[in-house]
Amino acid sequence: MKSSILLLGLSLLLSLNSFSQGYKKLSDSEVDKNKVKIAQDFATNYLTQAKKGESYKIQDEAIDIIKNYFTEQNQKLVYHQLKVQFGDFQSLEYAETWIQRNNDTMQIIRLKGEFEKSYKKLEIKVVIDNFNKIAGFWIIPWSDMLK
């Protein structure tokens with residue numbers, strides 16, 4: 001029985017360790033500044049437009065799935081939920097960039113966003129593909145660990 005629990009615990013530890021090794025934080029010298037600018041511009045433009053009660057017009061900077069999801073109605077709904085919980089968007093700043101170890105074609109740009117009523121910063125996560133297109137976008141509470 002003891003050996004089964006030990007084996008199970010060791011398996012769990014190894015699987016958690018291998019999951020965390022699936023991503024790599026890029027050093028400052030490895031970061032593609034162009035991708036960071038794309039992420040910052042997209043997030044800033046979207047949140048600024050939403051704060052004004054307008055929708056952001058996605059052109060060619062995002063993949064089709066993102067374009068299709070970012071309808072005027074969805075944008076307003078998402079921003080309304082953010083505003084109720086955290087207040088109006090104020091600013092954002094670059095924090096760090098991550099890649100998947102086995103697939104470096106996508107970069108995860110993490111930005112720290114400041115909102116009016118939130119005492120903690122929020123994570124604005126923008127995924128940029130190898131064609132410099134937005135392939136993912138999330139706003140969640142900030143965590144020092146990539147989630």
Engineer: Would Tyr79 and Phe89 satisfy ring pair (Phe, Tyr, Trp, His ring centres under 6.0 Å), going step by step from the backbone distance to the final call?
Structural biologist: CA-CA 9 Å; Tyr79 192 77; Phe89 168 71; 7.9 Å; no
Engineer: When you look at Glu116 and Lys51, which way does the salt bridge (charged side-chain N to carboxylate O under 4.0 Å, His left out) test go after all the steps?
Structural biologist: CA-CA 11 Å; Glu116 185 179 55; Lys51 182 178 176 178; over 6 Å; no
Engineer: So does Glu123 pair up with Arg110, basic N to acidic O under 4.0 Å?
Structural biologist: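 Yes, Glu123 and Arg110 are salt-bridged.
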Engineer: Between Phe137 and Tyr69, is the ring centroid distance below 6.0 Å?
Structural biologist: no
Engineer: Do Ile139 and Leu47 make a side-chain contact, defined as non-hydrogen atoms from C-beta onward lying under 4.5 Å apart?
Structural biologist: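 They are in contact (side-chain heavy atoms under 4.5 Å apart), so the answer is yes.
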Engineer: Determine whether Trp138 and Ile108 fall in the same hydrophobic cluster, where Ile, Leu, Val, Met, Phe, Trp and Tyr are linked whenever their side-chain heavy atoms lie under 4.5 Å apart.
Structural biologist: yes
Engineer: Between Asp60 and Lys67, what is the shortest heavy-atom contact and its length?
Structural biologist: OD1-NZ, 3.7 Å
Engineer: To check you understand the geometry: which heavy-atom pair defines the closest contact between Ala43 and Ile124, and what is its length?
Structural biologist: CB-CG2, 3.8 Å
Engineer: Can you name the closest pair of heavy atoms from Phe70 and Gln75 and give their distance?
Structural biologist: O-NE2, 2.8 Å
Engineer: Do other residues, nucleotides or ligands put more than 12 heavy atoms under 6.0 Å from the CD1 atom of Ile65?
Structural biologist: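 It does not: Ile65 CD1 has 12 such atoms or fewer within range.
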Engineer: Linking I/L/V/M/F/W/Y whenever any side-chain heavy atoms sit under 4.5 Å apart, do Ile109 and Leu146 land together?
Structural biologist: no
Engineer: To the nearest 0.5 Å, what is the distance between CD (Gln40) and NZ (Lys33)?
Structural biologist: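 If we round to the nearest 0.5 Å, Gln40:CD and Lys33:NZ are 10.0 Å apart.
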Engineer: Enter the distance from Thr105:OG1 to Ile128:CD1 here, rounded to the nearest 0.5 Å.
Structural biologist: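 The distance works out to 12.5 Å.
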Engineer: Considering the options Lys24, Glu30, Gln107, which one meets the side-chain contact (heavy atoms from CB on, under 4.5 Å) requirement together with Thr97?
Structural biologist: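 Exactly one pass, corresponding to Gln107.
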Engineer: Kindly compute the distance separating CD1 (Ile58) from OH (Tyr46), expressed to the nearest 0.5 Å.
Structural biologist: 9.0 Å
Engineer: Taking all heavy atoms of Pro141 and all of Leu122, pick out the closest pair and write down the distance.
Structural biologist: CA-CD2, 3.8 Å
Engineer: Linking I/L/V/M/F/W/Y whenever their side-chain heavy atoms sit closer than 4.5 Å, directly or via other members, would Leu92 and Tyr56 fall into one cluster?
Structural biologist: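 Looking at the clustering, Tyr56 is in the same group as Leu92.
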Engineer: Hey, does Glu61 have a side-chain heavy atom less than 4.5 Å from the side chain of Ile38?
Structural biologist: no
Engineer: Could you report the tightest heavy-atom contact between Ala95 and Lys112, atom names first, then the distance?
Structural biologist: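 Shortest heavy-atom contact: CB-CG, 4.1 Å.
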Engineer: Got a second to check how far Trp98's CH2 is from Lys125's NZ, nearest 0.5 Å?
Structural biologist: 10.5 Å
Engineer: Between Tyr94 and Leu111, what is the shortest heavy-atom contact and its length?
Structural biologist: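 Looking at all heavy atoms of both residues, the closest pair is CA-CD2, 3.7 Å.
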Engineer: Would you kindly confirm whether Ile99 and Ile63 end up in one hydrophobic cluster when ILVMFWY residues are joined by side chain heavy atoms under 4.5 Å apart?
Structural biologist: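 Yes, because Ile99 and Ile63 connect within a single hydrophobic cluster, where side-chain heavy atoms sit under 4.5 Å apart.
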Engineer: If you measure from the Lys or Arg side-chain nitrogens to the Asp or Glu carboxylate oxygens, is any gap between Lys37 and Asp41 under 4.0 Å?
Structural biologist: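 Result for this pair is yes, salt bridge flagged.
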Engineer: Please check if Val36 and Ile66 belong to a single hydrophobic cluster, counting links between Ile, Leu, Val, Met, Phe, Trp and Tyr side chain heavy atoms closer than 4.5 Å.
Structural biologist: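 Yes; Ile66 is reachable from Val36 via cluster members.
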Engineer: So, taking the atom named NZ in Lys120 and the one named CZ in Phe86, what distance separates them when rounded to the nearest 0.5 Å?
Structural biologist: 10.0 Å
Engineer: Measure the CG-CG distance between Asp104 and Asn102 for me, rounded to the nearest 0.5 Å.
Structural biologist: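 Answer rounded to 0.5 Å: 9.5 Å.
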Engineer: Using modelled atom types only, decide if a donor and an acceptor are shared between the side chain of Lys117 and the backbone of Val84 within a distance under 3.5 Å.
Structural biologist: yes
